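Written below as structure tokens is the structure these notes are about.
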2 protein chains.
Amino acid sequence: MSAAPAPRRYRGRSIAERQAERRAALIEAAVAVYGDVGYRNASVKAICEAAGLTERYFYESFEASDDLLAAAYREVTRRLHDEMGAAKRAAEARGQNGVKAALKMYYTRLREHPEAARVFLVEIGGVSPRVDAVVAEAIANSVALIAPAVRRRGAHELVAAGIVGGVIQIALDWIASGYARKVDEVVDAALRLCAAGER
Amino acid sequence: MSAAPAPRRYRGRSIAERQAERRAALIEAAVAVYGDVGYRNASVKAICEAAGLTERYFYESFEASDDLLAAAYREVTRRLHDEMGAAKRAAEARGQNGVKAALKMYYTRLREHPEAARVFLVEIGGVSPRVDAVVAEAIANSVALIAPAVRRRGAHELVAAGIVGGVIQIALDWIASGYARKVDEVVDAALRLCAAGER
DNA sequence: GAAAACTGACAATGCCGATTGTCACATCTT
DNA sequence: AAGATGTGACAATCGGCATTGTCAGTTTTC
């Protein structure tokens, strides 16, 4: 019994806080470095340097390289989805098309972060089972989000998956073109796709 | 001038023929090995073994690992597109829906080669600029193929990209589900997506 | 202000696979 | 059958990076 672990503080933060900060720093740095050189060329060392930390702390927070990639993916998609949800609600409160607003937010953010978009839409595929699982889960979430609406129109649930894939492919095409189109054109194309299955 | 390079034969084949055979053997072996262990874990050595060749011949035909991946991708997609085209023409000759026939061929073949599907739809992303270019080209070809039809309906060309991406995502979802649906259901979902933009 | 815990820089180790080189054997030409 | 060329097995080299370990300096606590 006993064992008071002496919750000592350092620079004003508790152990847990410091750890969390380091972890967050690594994730931020990872996104930056991945965007710079690509995931495959991003060494643990380079990421730690960018985070202003030493390698030892990498293994404190992450088991291995792909563990960090998965965490970064989660973080990035979480933020993006939050923003899309907020945009949707805001638009609907104004009596406007919520889906359109969400899509616009999506493509706008992608446009603002081309390197990140490349990493998390393209490079992420097939890195490892662990990462694949995280990506699959995120996509499944998106699909589940729109599946009810699709069903209501009498279409198969797989159509929902198709719509999600289509929205992503439109983004990829747009990126590959060097963002040759205006955001609103892209959004309109995506909206058109979303109408799939309507009678 | 002069320099008659003595077109010596070996086992009944000319130099060029032997080289081409070895190259083809490597590509076949690559598809098999990739499917087995994934591209990232497929060593040059393992592929050569599977092809019944020695490492030396690898570098005779390919510059590097990703060069072979690109070649394998080209080969696989070429065959698939040929078959889809043939199915389309055959159906239309019978007065049936050609697009539907092509899609059915697509999903049927994917179902027959789940490992290959995984490699060439998922793992292939972000392997290297060289491979990315080949993939982008193949997708662009598919998009170009359906773009006229989409335009005719008054929709943006990006919608074509969306449709292609959707068809692929439907495949991925289907694969992830362990092929839980019948092929015809999948084809119907894809067809529904293809109708996007119709009034 | 002295001991204890925390941190950052850096070196040592270990592993894995690509790429190249060597050599004995097989198959051809004449 | 002899010499030339193609081939397959295998060893040697090489480089890169993850992962672990060491140590001096810093910030706390008491």
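Bear in mind the structure is a predicted one, so any value in this text is a computation, not a measurement. A, B, ... follow the sequence lines: proteins, then strands. Residue 1 opens every chain.
- When the P atom of C/dA26 is taken as reference, atom CZ of B/Arg8 falls 15 Å away, rounded to whole Å.
- Between C/dT7 and A/Arg22, a contact under 4.0 Å exists linking OP1 or OP2 to a side-chain N or O.
- Using a 4.0 Å cut-off between charged side-chain N and carboxylate O, A/Arg23 and A/Glu60 make no salt bridge.
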Where protein sits on nucleotides 10-26 of chain D, one letter per nucleotide: B base, S sugar-phosphate only, - none, heavy atoms under 4.0 Å = B-------SBB-----B
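- No side-chain heavy atom of A/Glu83 sits less than 4.5 Å from a side-chain heavy atom of A/Tyr106.
- Residue pairs meeting the side chain to side chain donor-acceptor pair (under 3.5 Å) criterion with at least one member in residues 134-149 of chain B: none, sequence neighbours excluded.
- The B/Leu53 side chain lies nearest to D/dG8 when the options are D/dG8, C/dG8, D/dG6.
- Nucleotide D/dG6 holds its P atom 16 Å from the CD atom of B/Glu21, rounded to whole Å.
- The interatomic distance linking A/Glu17 (CD) with D/dT28 (C1') rounds to 16 Å, in whole Å.
- To the nearest 0.5 Å, atoms OH (A/Tyr39) and CG (A/Leu68) are separated by 8.0 Å.
- Ion pair B/Glu185/B/Lys182 not flagged as a salt bridge, since none of the NZ, NE, NH1 or NH2 atoms sits closer than 4.0 Å to an Asp/Glu carboxylate oxygen.
- In this structure, CD1 of B/Ile15 is placed 14 Å from C1' of C/dT27, rounded to the nearest angstrom.
- The distance from atom CD of B/Glu60 to atom P of C/dA18 is 18 Å, rounded to the nearest whole Å.
- The separation between B/Leu26 atom CG and D/dT7 atom P is 13 Å, rounded to whole Å.
- Whole-Å rounding puts the B/Glu49 CD to D/dG8 C1' distance at 12 Å.
- In summary, A/Arg118 and B/Asp132 engage in a salt bridge, as defined by a charged side-chain N under 4.0 Å from a carboxylate O.
- Taking atom OH of B/Tyr39 as the reference point, atom C1' of C/dA18 lies 12 Å away to the nearest angstrom.
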